[in-house]
2 protein chains.
Amino acid sequence: MSEICQLATSDSDFQQRLDQLLAWESVSDASVNNIVNEVLGNIRRRGDAALLEYTTRFDGWEAATASDLEVPLARLEQAWNNLPEAQQIALKHAADRVRDYHERQKGESWSYQEADGTLLGQKVTPLDRVGLYVPGGKAAYPSSVLMNALPAKVAGVSELIMVVPTPGGELNELVLAAAHICGVDRVFAVGGAQAVAALAYGTESVPGVDKIVGPGNIYVATAKRAVFGQVGIDMVAGPSEILVVCDGQTDPDWVAMDLFSQAEHDEDAQSILICPDADFVAKVKASIDRLLPTMEREPIIATALKERGALIVCKDLDEACAISNYIAPEHLELSVADPLTLVEQIQHAGAIFMGRYTSEPLGDYCAGPNHVLPTSRTARFSSPLGVYDFQKRSSLIMVSEAGADTLGKTASVLARGEGLTAHARSAEYRLK
Amino acid sequence: MSEICQLATSDSDFQQRLDQLLAWESVSDASVNNIVNEVLGNIRRRGDAALLEYTTRFDGWEAATASDLEVPLARLEQAWNNLPEAQQIALKHAADRVRDYHERQKGESWSYQEADGTLLGQKVTPLDRVGLYVPGGKAAYPSSVLMNALPAKVAGVSELIMVVPTPGGELNELVLAAAHICGVDRVFAVGGAQAVAALAYGTESVPGVDKIVGPGNIYVATAKRAVFGQVGIDMVAGPSEILVVCDGQTDPDWVAMDLFSQAEHDEDAQSILICPDADFVAKVKASIDRLLPTMEREPIIATALKERGALIVCKDLDEACAISNYIAPEHLELSVADPLTLVEQIQHAGAIFMGRYTSEPLGDYCAGPNHVLPTSRTARFSSPLGVYDFQKRSSLIMVSEAGADTLGKTASVLARGEGLTAHARSAEYRLK
């Protein structure tokens, strides 16, 4: 029998138990901070020499010279060419769809002119150089390369630098192949906090970048937080989550497997079902019990469901939406008859999967939208990774002679009100 | 005689000296971190009781009960009504223009349908509740209230909570009046790390928010960094900067005053002129020497120019643009004959002021664009504060039965390649 928390919104302690379920704090302890600070300082001061040392120490292989840390683009192409055809077709299919969706996110410059000739606007430009961190080992996902690299390329980033640790010197063929079809510009076989530092500060071999994106372990996350300001960073993600809102009419096995697909990521992942039909919830529980022993990653799924999962019986779908907005889930499935009406009530979610056929894994791989999504309730204020994360804006202001007269009078009054008289006089010089 | 660094791009050590000029690192030392952590912990655990204690201790006035910390909206209206008419007109003029410009930044939801009936899109929604920090004392700028509050209101944020410390219990009338015309929903007379904590965690009196914006001292900045993740935050700003690119044909007094208008903010502010005409640079230096003694904030300006200012002679305007892109200034003035052509070469800048009539202070107050801008070279990867900072996006995916068959096959191949078989099986259930 699988273990999973069962709740009803009518329970007197429901809100409290929900908050306990959702509680998550990622803390970098002092020892992690100390190690990361040491690594950052060393790479900043000693560049390649330190990078080589850390790679030997942490990844367990020795590069003869710093230039050996770079993986030639021909090696990426070779990885692609050696891929089984089914994987080539699938990767290409996914890349094409992701690219197509993200093209629609591209921001454009705009401007307008006022009656007195004053021009105002906003200029949108891509970042120059972006670093993409790809984890090594078991969490090296080619789909993650696609999801991080393609929005940057669509934005027009001119140089995309990938770093990937190669424990024991072993390269991940699928990751290299994915980098190849995304048009990654350079790849370095380095990882950990030392790779983040190299990208942030630059070394003799690794060019400094303007922003670093991509997932990593606690050392990578801590290093990214530390270099923020020097460079931009993406969100620091928490464990993955799914909330399935169901009307009780979807095949319970489908719902169970959707919950599993999130839980199999790792033991901290969170899978929650909310449904007004208690009988259906019992059926999903039975599906979980029956299917769990058949899963390849059963121990991970079992732990995740036990520690962080929940099956919730609610009053109706309106209440389900209200709770969903409170949770602000990373992935939200609306497995209901009329999702287009229900979605009107949804305010906070990373990605919304509508209808019984829209299983969450389609979004992870190939539907088109990004799979890098806000976790741990941050969908209340943040968004999926997108082209907009690789573009930035500059305000445009060109005031005409007449405009300088009108605006200057206002600026002068306000500046003097704030006691900033140089501001006032600068504006006053341009009065007629 | 004023002191200001004079450089030429032809100097052999130019790049090194430029880097020294630009170097800026804001460090929260251990004592600041300790105080902030204690404050955050106390507010989180003890709510209003701790908030009252800190207000007494740090702001030097005693509120009888927590409800006395709230400033009634009628008090804001009263501040507005008591304002001299010239200030009312100026504030209203500025607010109208800022609102009008920002309306154009509003993101809209979009979606599209594919041939097999699959729907993809992005839903754009405002944040529910935003906290606006307004500094007390000498840095309490009504213009800053406008620039932070109006984009949130344009985005559709339903509740905008302002906090402002009132040292000695004294309210700033201009700040209250500005809050009134922006439609701020609630105001609390609290400040410092304790105000940030109250907004992030919520207390019995102060509602918890989803994002906190607005400038503050090192305690406020450190607290914002610490609560990031729990809530969203805006950029942590460094000292203000201006770079003036001039062709040598603008009135040198105008250029000198524009440099002053940045330098008067504080001793760390940075004002740089770059121009290919050495004679003109000498004239600006003479204007600086002549005008500086006439300035109300002379000591601040003199220190800022001496410590962080520079007059740079360059080869030509192309080189000036290249250096500007390296500096990625917060404010960039293109004080040249044909700014619309030159701006094509500009890639990284917070706001670009084009033409001799467009003095930077017009942008600070009333041109329309935001005056909260990326500092310290972060314009390489970040943008002015805007409506987009108060909206977030959710991906929309509704896959048709036919789409689930096509996409499911691809997802299955990729998921199995990554060893995520629950993902694969979830997709495979939906195959025909």
Would you call [X] and [Y] a side-chain contact if the rule is heavy atoms closer than 4.5 Å?
X	Y	value
B/His93	A/Thr406	yes
B/Ser143	A/Leu414	no
A/Tyr112	B/Asp100	yes
A/Thr421	B/Glu264	yes
B/Leu362	A/Ile397	no

Original post:
Residues in side chain to side chain donor-acceptor pair (under 3.5 Å) with A/Glu114, at least two apart?
Top reply: B/Arg97

Original post:
If only atom types and distance count, is the side chain of B/Arg380 paired as donor or acceptor with the main-chain N or O of A/Val231 below 3.5 Å?
Top reply: no

Original post:
When you measure from the side chain of B/Thr358 to the backbone N and O of A/Val399, does any donor-acceptor pair fall under 3.5 Å?
Top reply: yes

Please state whether the side chain, the backbone, both or neither of [X] comes within less than 4.5 Å of a heavy atom of chain A.
X	value
B/Ala427	both
B/Thr125	side chain
B/Lys123	side chain
B/Leu119	side chain
B/Glu333	side chain
B/Leu259	neither
B/Val124	neither
B/Val175	neither

Original post:
Can you tell me how far the CG atom of A/Leu407 sits from the OH atom of B/Tyr365, to the nearest 0.5 Å?
Top reply: 14.0 Å

Subject >> Nearest-0.5 Å distance, NZ of residue B/Lys211 to OG of residue A/Ser382 >> reply: 8.5 Å

**OP:** Fit a plane to each ring of B/Tyr101 and A/Trp110, take the angle between them on a 0 to 90° scale, and name the class: parallel (under 30°), tilted (30 to 60°) or perpendicular (over 60°).
**Re:** tilted

**OP:** Going by the side-chain hydrogen bond (donor to acceptor under 3.5 Å, both in side chains) test, name the single residue among B/Asp364, B/Asp253, B/Asp258 that passes it with A/Ser426.
**Re:** B/Asp258

Subject >> Residue pair B/Asp128 / A/His348, side-chain donor-acceptor N/O under 3.5 Å >> reply: yes

**OP:** Answer yes or no for B/Arg393 and A/Tyr388: cation-pi contact, defined as NZ/CZ to six-membered ring centre under 6.0 Å and angle to ring axis within 45°.
**Re:** yes

**OP:** Flag this pair as yes if the NZ/CZ of B/Arg425 is under 6.0 angstrom from the six-membered ring centre of A/Phe260 and inside a 45 degree cone about the axis; otherwise no.
**Re:** no

Original post:
Taking it one step at a time, do A/Gln87 and B/Arg416 satisfy side chain to side chain contact (heavy atoms under 4.5 Å, CB included)?
Top reply: CA-CA 10 Å; A/Gln87 287 193 332; B/Arg416 290 186 181 276; over 6 Å; no

